[in-house]
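Numbers for residues simply follow the sequence, beginning at 1.
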Amino acid sequence: QVQLVESGGGLVQPGGSLKLSCAASGFIFSNFNMRWYRQTPGAERELVATIDTTGRRADYLDSAKGRFTISRDNAKKTVYLQMNSLRPEDTAVYYCNARYPGSTKGHWGQGSQVTVSA
């Protein structure tokens, strides 16, 4: 079975930090680009960060750049999202996604809630 399991979400004050983890199983993790998305009620799912198969290239949503860092450990089959200087507008369910290069389809996790509030 293909599985992506997110963890690390929770409640944090504005300006605080959280680190999300996504543990993968059931597929060849090192062959897939990894992404983090987020979604709030009534909004479209938004791409937050992308990392290539090797972990050497990463791209970010403009509002996340300089605050968020995506990384991966292929030996542990895990992708991470370090989030610093969090803002209330970062509040969302964060989803891990695995995408095979050249494919429009991928695998999704169940999501992890991040709430930024005083």
Between the side chain of [X] and the main-chain N/O of [Y], is any donor-acceptor distance below 3.5 Å?
X	Y	answer
N33	N97	no
D73	K77	no
R67	S63	yes
S103	P101	no
S112	G9	yes
Q82	K19	no

Using 0.5 Å steps for rounding, measure from the [atom1] atom of [X] to the [atom2] atom of [Y].
X	Y	atom1	atom2	result
Y95	E6	OH	CD	8.5 Å
R72	S21	CZ	OG	14.0 Å
L11	T91	CG	OG1	9.0 Å

Remaining members of the apolar cluster that contains F32, side-chain heavy atoms under 4.5 Å: V2, L4, V12, L18, L20, F27, F29, M34, W36, V48, I51, Y60, F68, I70, V79, L81, M83, L86, Y94, Y100, V114, V116

Over 12 foreign heavy atoms within 6.0 Å of CD, Q110: no

Summary of salt bridge (charged side-chain N to carboxylate O under 4.0 Å, His left out) pairs that have at least one residue in residues 26-43, sequence neighbours excluded: R38-E46, R38-D90

Side chain to side chain contact (heavy atoms under 4.5 Å, CB included) between E44 and Y37, worked out: CA-CA 10 Å; E44 295 287 331; Y37 288 80; over 6 Å; no

Flag for T50-D59: side-chain donor and acceptor within less than 3.5 Å: no

Atom of S85, atom of S17 and distance for their closest heavy-atom approach: N-OG, 4.3 Å

